[in-house]
Participant: 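Can you keep this structure in mind? I'll have questions shortly.
For clarity, every value in this text was computed on a predicted model and none was experimentally measured. Labels below follow one simple rule: chain letters A, B, ... track the order of the sequence lines, proteins then strands, and each chain is numbered from 1.
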Amino acid sequence: MKNDHILITQNLRMEFDALVAVDNVSLKVRPNTIHSIIGPNGAGKTTFFNLLSGNLSPSAGRVFYKGRDITQLPLHRTAHLGIGRSFQITNIFPNLTVLENIRLACQALGRGNFRFWRSHKYFKEFEERAREVIQQVGLEKETLALARSLPHGGQRKLEFGIILAADPEVLLLDEPTAGMAAEQVPELIQLIRDVQKAGNKTVMLVEHNMNVVMSISNTITVMHQGQVLAEGTAAEIASNERVQSAYLGQLYGDLSGS
Amino acid sequence: MENTKENSFVRAIKSNQGLIITILCLIALPFVIALINGQSFSSLLANEPGQAKFYQGLIIEIFILAIYALSYDLLFGITGLLSFGHAMFFGVGAYLTGILLKSFGWTLLPILGVVAVAGVVMALIFSIVLPRVKGITFALVTLGIAQVFHIVIQSREMAKFAGAEIGLQGVTPPDFLNPISQRLRFYYFGLVAVFVVYLFYKRFVDSPTGHVCIAIRENEDRATMLGYNTFYYKLVALIISAITAALAGVMHGIFSPIIRPGITGSGFTIAALLMILMGGIGTLNGALIGAATFKLLSFLLEKWFGGASQVIVGLVYILLVLFLPYGIVGTWRLRRLQIKQGWTDLIGRFTGKGRAESS
Ligand SMILES: Nc1ncnc2c1ncn2[C@@H]1O[C@H](COP(=O)(O)OP(=O)(O)O)[C@@H](O)[C@H]1O
Ligand SMILES: [Mg+2]
């Protein structure tokens, strides 16, 4: 039963002192789908991602990946299992070049990390792969630019590239388009779509742009005050009375158009 | 085939021009100093006393400090680990050398082995807290550990071996590296040591492991989430750094007539920090230049101002940090293009005159 789903959480709970940021969340994610999490600010979406990726360890509950309990896995192991994570607040190496940012991501899962008597250039495959990824996210012109010199949109692309470089099976993307200029959003969303389709990957997406969420997601989970309020397809969520009346309408505007 | 090999050889020389020129200058330097002081080469080669010998000693001390500063740059400048206990690595190397030579009559080779092992052990002790603490807390814990050693080495109980607060005196250095009778040889030995450590460090920083160390300095969380177990990389940097600093300590233990407890104290760690700050953090070259600046500055200021020199040293540091925030090498790299342009202009303007004068 567990193996039908690539990622499962059981009664996941995260308390920060008195605050319950994630409250008894049980969720199942099917492989090869885009599964979005929506909800107002403070609903616990980022905290939930932190529990999945191992950045936080839960107060209670468990996380299974391909049937394996990964709740207590050390953070650096998550990447080796095939889970990649991007952050709401851009998390890159600002003082390194675009190429080095992505090359490091390629090197992480390869061999030779502890050969300190060899030049890194000896491990050509990492640089070649990095250049492929840079092309994929459309940063060729900025290959040798420092990451911090990129405009915000470029940095978001770079972070997505860092995730892609490791070729993960599951991508946890926390508001990947946050702060991007509106005209750049469709490009990145299309890229996420392509990557998901071409690589049979599973994408979990936190996104505030309702048009994007509604058009891209196979499944949508609505969170509210740490709890799951509803779950279903885009159509089901859009027509869900409870979601509508609870807050969707007021927060994201009228959905009838999309 | 042959051709490309030769080309790459030529290229290697060209890309290391600065380094090669520096080394050639340092090889020639004792002879130049002798010339300036009107001392004959035969008296120089015979290690006869004189000004030339004194300046050789000064430069040997710079070599020792340069290795020590390099080791701190790897830890702090490259990997981003701020330690306030670095002097302990150096001090253990120096005191072990002094004690094993004087009280136990060991020869140099086994001492080097023991000191290397001691370096690893000290790195492991520091690393116990690595997974739990970060940033300033790591600095304070290392300060605490080093302070314990600083107190123990000066204690009455240790006085028989370490000479308490006066320091360890009367160490008989090995004959072939005697700092008095074989000073010129010691000089070239020191030069080779700096060169070897520097090349090894350059290689390390350029390796996959070194690149991960830089990534850890830049954003450790991101490095962890890429899949690097950052603890192991920090441990590798710590071990290499500790062994290097301890080996610099061995050189000090042989060269210095008195091994003073001051070299195990926090002041000497701060000295390492100042050297790489002045030279340029995380640049390796900066550690070398910083060590030379540090030593020459304190030597000259003491010569000119005597007792007041401490205050002036402090002022100079403040000015250096204010006006060269990236250190000498860091600022140099930033300004290289502007400076290059400036020089071209300058040389262009004075070409005729300059040439006439020098011929
Ligand atoms: N590290 C933390 N310590 C304390 N409170 C936190 C922490 N992280 C998040 N929270 C709180 O948990 C709640 C959920 O936050 P978050 O998961 O960031 O929500 P979302 O991503 O849905 O906007 C918020 O009330 C937030 O203030
Ligand atoms: Mg969030």
Side-chain angles (χ1 to χ4, degrees), chain A residues 49-50 53-55 73-87 89-97 99-127 146-148 158-159 162-163 165-168 172, chain B residues 8 11-12 15-16 74 77-80 130-132 134 196-197 199-241 243-244 280-284 326 330 333-334:
Chain A
F49 265 24
N50 282 336
S53 61
N55 289 68
L73 206 69
L75 186 54
H76 66 91
R77 292 296 313 162
T78 324
H80 291 267
L81 292 182
I83 301 175
R85 163 87 200 267
S86 79
F87 287 80
I89 298 164
T90 311
N91 195 340
I92 54 179
F93 300 106
N95 295 320
L96 304 180
T97 63
L99 178 63
E100 180 63 3
N101 264 272
I102 296 191
R103 204 198 60 77
L104 278 165
C106 299
Q107 185 192 310
L109 305 184
R111 317 152 286 102
N113 280 329
F114 281 107
R115 296 209 206 148
F116 52 78
W117 55 94
R118 271 254 159 89
S119 166
H120 73 279
K121 295 202 185 78
Y122 179 82
F123 302 88
K124 280 200 185 73
E125 67 267 30
F126 302 137
E127 190 170 323
L146 292 185
R148 72 176 134 87
L158 175 58
E159 179 157 13
I162 289 176
I163 311 302
D167 198 25
L172 306 174
Chain B
S8 70
R11 237 183 297 130
S15 64
N16 290 308
L74 180 68
I78 302 291
T79 318
L130 263 187
R132 270 165 283 272
K134 280 203 174 119
V196 167
V197 170
L199 283 189
F200 175 75
Y201 271 43
K202 265 246 175 291
R203 191 77 209 205
F204 177 82
V205 171
D206 194 41
S207 75
T209 321
H211 277 239
V212 178
C213 289
I214 293 172
I216 290 172
R217 175 192 75 198
E218 290 299 324
N219 185 348
E220 181 170 358
D221 284 342
R222 192 20 117 192
T224 307
M225 274 175 284
L226 290 181
Y228 295 109
N229 187 350
T230 56
F231 172 77
Y232 287 120
Y233 295 88
K234 291 194 278 187
L235 183 59
V236 167
L238 200 50
I239 288 175
I240 295 178
S241 172
I243 293 177
T244 314
I281 290 183
T283 59
L284 297 189
Y326 302 100
R333 284 187 185 166
L334 282 176

Participant: Can you name the closest pair of heavy atoms from His76(A) and Tyr228(B) and give their distance?
Facilitator: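 Result for this residue pair: CB-O, 3.3 Å.
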
Participant: When you measure from the side chain of Glu218(B) to the backbone N and O of Leu96(A), does any donor-acceptor pair fall under 3.5 Å?
Facilitator: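 No; judged by distance alone, with no hydrogens or angles, the pair does not exist.
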
Participant: State plainly whether the residues Glu159(A) and Arg222(B) are in salt-bridge range, i.e. N to O under 4.0 Å.
Facilitator: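 Looking at Arg222(B) together with Glu159(A), the answer is yes, because their closest N to O distance falls below 4.0 Å.
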
Participant: Would Phe93(A) and Leu226(B) count as a side-chain contact (heavy atoms from CB on, under 4.5 Å) if you check the C-alpha gap in whole Å, the side-chain angles of each, and the deciding distance to 0.1 Å?
Facilitator: CA-CA 11 Å; Phe93(A) 300 106; Leu226(B) 290 181; 3.8 Å; yes

Participant: Considering non-hydrogen atoms only, spot the tightest contact between Gln107(A) and Pro208(B) and give its length.
Facilitator: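 Where Gln107(A) meets Pro208(B) most closely, the heavy atoms are NE2-O, 3.2 Å.
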
Participant: Which one of Ile92(A), Thr78(A), Asn101(A) has the most heavy-atom pairs closer than 4.5 Å to chain B?
Facilitator: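 Heavy-atom pairs under 4.5 Å are most numerous for Ile92(A).
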
Participant: Looking at Thr230(B), Thr209(B), Val205(B), which has the largest count of heavy-atom pairs under 4.5 Å with chain A?
Facilitator: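 If we count pairs closer than 4.5 Å to chain A, Thr209(B) comes out on top.
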
Participant: Between Tyr232(B) and chain A, with a heavy-atom cut-off of 4.5 Å, which part of the residue counts as in contact: side chain, backbone, both or neither?
Facilitator: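 Answer is both: backbone and side chain atoms of Tyr232(B) are under 4.5 Å from chain A.
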
Participant: Examine whether an atom of Ala166(A) lies under 4.5 Å from a heavy atom of chain B, and if so say whether it belongs to the side chain, the backbone or both; otherwise answer neither.
Facilitator: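 Neither part; nothing is under 4.5 Å.
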
Participant: Tell me, for Val236(B) versus chain A, whether the close heavy atoms (under 4.5 Å) come from the side chain, the backbone, both or neither.
Facilitator: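 For Val236(B), the side chain is the part near chain A, not the backbone.
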
Participant: Could you measure the distance from the CG atom of Asn55(A) to the CG atom of Asp221(B)? Nearest 0.5 Å is fine.
Facilitator: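 The CG atom of Asn55(A) sits 7.5 Å away from the CG atom of Asp221(B).
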
